[in-house]
Amino acid sequence: DAKTTQPTSMDCAEGRAANLPCNHSTISGNEYVYWYRQIHSQGPQYIIHGLKNNETNEMASLIITEDRKSSTLILPHATLRDTAVYYCIVGLTGAGSYQLTFGKGTKLSVIP
Amino acid sequence: GAVVSQHPSWVICKSGTSVKIECRSLDFQATTMFWYRQFPKQSLMLMATSNEGSKATYEQGVEKDKFLINHASLTLSTLTVTSAHPEDSSFYICSAPPRQGAHGYTFGSGTRLTVV
């Protein structure tokens with residue numbers, strides 16, 4: 001699976017949009033981009049995934065560059081409950097067919 | 001959505017004793033369950049994969065005789081830390097792979113193990 005690079009930490013003011021970048025320059029054509037987050041002392045939570053089109057769900061939006069070498073997770077109106085470590089992972093899709101290899105992720109702190 | 005129930009959420013045990021952690025898939029069948037360990041301020045590290053009806057597979061460096069994994073049914077996987085030592089103190093998390101048509105892994109809420 002392709003490797004990802006994320007900033008170690010970011011701050012965001014409550015109510016503002018949080019934009020979390022991820023570089024995945026070695027991503028292959030059939031690999032998806034997945035985002036998970038882990039709130040302190042809890043298990044990780046799936047957020048969103050995408051292949052090449054931008055995606056949006058009730059939690060977040062995912063913007064993938066045209067060359068697919070990077071992506072940005074957007075939390076449109078960050079709340080204090082969004083404070084967590086966010087992980088960007090690339091892999092193939094399908095039940096169990098992509099391995100979850102967690103990097104260090106980005107620690108997002110939402111500030112009142 | 002899919003829910004994985006993990007118990008206990010925290011446990012304190014004495015050195016040399018064994019601790020069992022359970023993960024149950026509540027509304028679906030999980031033929032596979034992944035077990036992770038997370039030390040403070042570090043990322044999740046995959047320890048092993050349990051498979052219903054067959055032996056678990058362990059990642060390199062994980063002692064299979066120390067971390068006993070059993071996948072007794074399609075809804076229950078257990079991890080037993082045997083002869084626990086303080087260095088086994090960690091956050092243990094289970095995860096079920098995406099169901100057909102889905103894309104997200106479902107994680108348990110984690111178990112904080114402290115060995116004294």
Side-chain angles (χ1 to χ4, degrees), chain A residues 1 3-9 22 30-53 55-60 62 64 71 73 83-109, chain B residues 1-11 21 23-25 28-52 57 59-60 79 89-114:
Chain A
D1 293 336
K3 183 179 176 180
T4 63
T5 304
Q6 300 176 251
T8 302
S9 63
C22 178
N30 55 353
E31 285 185 311
Y32 283 68
V33 180
Y34 298 87
W35 282 84
Y36 287 77
R37 73 179 182 183
Q38 185 181 22
I39 295 171
H40 183 63
S41 294
Q42 296 184 24
Q45 176 190 23
Y46 163 79
I47 301 173
I48 198 169
H49 76 281
L51 182 62
K52 49 185 175 182
N53 296 324
E55 302 288 345
T56 295
N57 63 19
E58 64 278 6
M59 292 184 68
L62 175 60
I64 302 174
S71 60
L73 179 74
T83 292
V85 178
Y86 287 77
Y87 298 98
C88 169
I89 300 169
V90 297
L92 300 172
T93 190
S97 66
Y98 73 92
Q99 183 172 353
L100 278 182
T101 302
F102 289 87
K104 296 185 184 298
T106 296
K107 183 175 182 180
L108 175 68
S109 298
Chain B
V3 176
V4 171
S5 177
Q6 183 171 349
H7 293 281
S9 55
W10 61 271
V11 58
I21 301 169
C23 276
R24 295 180 183 273
S25 53
F28 66 102
Q29 295 180 335
T31 57
T32 300
M33 194 75 76
F34 298 92
W35 287 93
Y36 294 84
R37 177 169 55 183
Q38 185 176 34
F39 292 108
K41 298 189 178 182
Q42 294 188 23
S43 192
L44 287 81
M45 294 297 295
L46 181 65
M47 297 176 63
T49 303
S50 72
N51 301 288
E52 191 272 335
T57 57
E59 296 300 302
Q60 192 172 8
L79 166 67
S89 298
S90 188
F91 192 54
Y92 293 86
I93 310 167
C94 61
S95 173
R99 294 179 292 176
Q100 191 166 6
H103 292 271
Y105 279 71
T106 303
F107 288 82
S109 53
T111 297
R112 176 76 58 192
L113 171 63
T114 302

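Note that this is a predicted model, so its numbers are computed, not measured. Below, chains carry the letters A, B, ... as their sequence lines are ordered, and counting in each starts from 1.
Looking at L44(B), both its backbone and its side chain come within 4.5 Å of chain A, counting heavy atoms on both sides. Of the atoms belonging to Q38(B), it is side-chain heavy atoms, and not backbone ones, that fall under 4.5 Å from chain A.
Highest contact tally toward chain B, considering only S41(A), P44(A), G43(A), G105(A), is held by P44(A) [criterion: heavy-atom pairs under 4.5 Å].
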>> Test side-chain contact (heavy atoms from CB on, under 4.5 Å) on Q29(B) and E52(B); report intermediate values, then the result.
In response: CA-CA 10 Å; Q29(B) 295 180 335; E52(B) 191 272 335; over 6 Å; no
> Checking side-chain contact (heavy atoms from CB on, under 4.5 Å) for the pair M45(B)/F39(B): CA distance, chi angles, key distance, verdict?
Replying inline: CA-CA 9 Å; M45(B) 294 297 295; F39(B) 292 108; over 6 Å; no
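By the 30° and 60° cut-offs, the orientation of the rings of F102(A) relative to Y36(B) is perpendicular.
In this structure, CD1 in I48(A) is found 11.5 Å from NE2 in H103(B), a value given to the nearest 0.5 Å.
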